[in-house]
Asker: 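What follows is a single structure, and I will ask about it in a moment.
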Protein chains: 2
Amino acid sequence: MPEARFDAAKGLFIRRWGEMAASWGISRTMSEIHALLYLATQPLCTDDVMEQLAVSRGSASTNLRQLVNWGLIHRVHHRNDRKEYFDAERDVWQMFETITRERRRREVQPIVETLQRCISMIEEDGGRLTGQARKDTDAHRKRFTDILEFCGLMNMLFDLMSKAGRSGLKPIAKTIGKLVG
Amino acid sequence: MPEARFDAAKGLFIRRWGEMAASWGISRTMSEIHALLYLATQPLCTDDVMEQLAVSRGSASTNLRQLVNWGLIHRVHHRNDRKEYFDAERDVWQMFETITRERRRREVQPIVETLQRCISMIEEDGGRLTGQARKDTDAHRKRFTDILEFCGLMNMLFDLMSKAGRSGLKPIAKTIGKLVG
DNA sequence: CTATAATTTCAGAAGTTACCGAAAGGAATA
DNA sequence: TATTCCTTTCGGTAACTTCTGAAATTATAG
């Protein structure tokens, strides 16, 4: 009987998941730990993570905490065992919602606030400007507003998708398909 | 007459745009240059970028080329002028499509291929495994498949959104809203 | 073809991020 | 309370990314 390739697949996925995250501004190790816990059939403790991914205790601790903060994994306690175990959210749809919500809060919200501020700064100038300066501010207002509207629309869409959930997306996609042609 | 706050707004936006990009794995300078060109009312040359953002010639050149590769800005030539000028895409919807297409190609496609490979690795084991190993592979197949399906659904959705374009999104959102309740 | 202007490349420098491992801190047990 | 086991913190370091400035390359005009 040929060797089962299970472990190879697991390793392959974990590495790729880490690489992908790295290019999205998330640390490779944090993402590898997430992949490990996502695949695990039971909660793992810090030492399991250290052993399986060959990372230090400090790194494991820090990254596990960050994952908990993101809401992607949860702490689990067992009776008669001091150790803390960690268990990942396994519903892909829920994962998506969690990640989307966090990134929106951390990274989209600031740009939205900045855009609003930029627009009101321009409004303060009112119609007092003339000539090129006037043309420039008008152009800028439009460009700020365009992005702001886009953000609003995307926020709305993600809210709807979250509400719809996994079961709801397929019919939605189908409907959009009809609308678009 | 109080000083126009136009320049302040411009600077504020450029800085924030750069910060946001940094947390999404895109270099700060590249994103600041993009913001500068997005706001500009006419194409700018390398020296304009160097001067306004205080970056070196090398950095300006490299980052401008990357932006061209992404398809977010375009080279513009003027008659009787050797200099190259750069002009940004200003349609936010088009920008979104461009970025989405590139990131999909660069970062989503690899994970999709990996997932397919992981799944076929597991299939190779067929039903030969028993006991815990069998349970594990079954669990993993499901988890790989879940993500793969999710990617497929998201790809589809983004395709539809691109097709729909700016004008089409609002009605779509409205329709989804009705579907979801 | 030569001179000039502009762009790209590259080696080294600077800055940033993430990791390690040991020490400190905290909680459960006896 | 002392002991043990586990978790978190943190200074130093290694690895990586990005920038700079100048040299090399390319393109244009005369």
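Every heavy atom of this structure was used, including side-chain atoms; hydrogens, water molecules and symmetry mates were not. Letters A, B, ... are given to chains in the order of the sequence lines, protein chains preceding strands, and every chain is numbered from 1.
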Asker: Taking the minimum atom-to-atom distance to the side chain of A/R82, which one of D/dT4, D/dT7, C/dC20 wins?
Answerer: D/dT4

Asker: I need the CD-P distance between B/E84 and C/dA6, as an integer number of Å.
Answerer: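 From B/E84 CD to C/dA6 P: 12 Å.
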
Asker: Between C/dA18 atom C1' and A/E19 atom CD, what is the distance in whole Å?
Answerer: 17 Å

Asker: Which part of the nucleic acid, if any, lies within reach of A/A60 when heavy atoms closer than 4.0 Å are counted: base, sugar-phosphate only, or nothing?
Answerer: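 No contact at all - A/A60 keeps every heavy atom at 4.0 Å or more from the nucleic acid.
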
Asker: Under the side-chain hydrogen bond (donor to acceptor under 3.5 Å, both in side chains) criterion, do B/Q52 and B/D48 qualify, and how do the steps go?
Answerer: CA-CA 6 Å; B/Q52 295 203 43; B/D48 294 329; 5.5 Å; no

Asker: If you count every heavy atom of other residues, nucleotides or ligands that lies below 6.0 Å from B/E51 atom CD, does the total exceed 12?
Answerer: no

Asker: Please work out which residues in residues 65-81 of chain A have a non-hydrogen atom less than 4.0 Å from an atom of DNA chain D and list them by number.
Answerer: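 Hits under 4.0 Å, by residue number: A/R65, A/R75.
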
Asker: B/M50 has an atom CE; how far is it from atom P of D/dC19, in whole Å?
Answerer: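 So the CE-P distance, B/M50 to D/dC19, works out to 13 Å.
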
Asker: Looking only at the side chain of B/V55 (C-beta and beyond, no hydrogens), which of the listed nucleotides D/dT20, D/dT7, C/dT7 gets closest?
Answerer: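 The nucleotide sitting nearest to the side chain is D/dT20.
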
Asker: CG of B/D146 to CE of A/M95: how many Å apart, nearest 0.5 Å?
Answerer: 9.5 Å

Asker: In this structure, how many angstroms lie between the C1' atom of D/dT7 and the CZ atom of A/R57, rounded?
Answerer: 8 Å

Asker: Between the protein and nucleotides 10-18 of chain D, list the N/O to N/O atom pairs that are separated by less than 3.5 angstrom.
Answerer:
none

Asker: Of the nucleotides D/dG21, D/dT7, C/dG21, which has the atom closest to the A/S56 side chain?
Answerer: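 Of D/dG21, D/dT7, C/dG21, C/dG21 is nearest to the side chain of A/S56.
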
Asker: If you measure from OG on B/S61 to CD on B/Q66, what distance do you get to the nearest 0.5 Å?
Answerer: 10.5 Å

Asker: In whole angstroms, how far is the C1' atom of D/dC5 from the NZ atom of A/K83?
Answerer: 9 Å

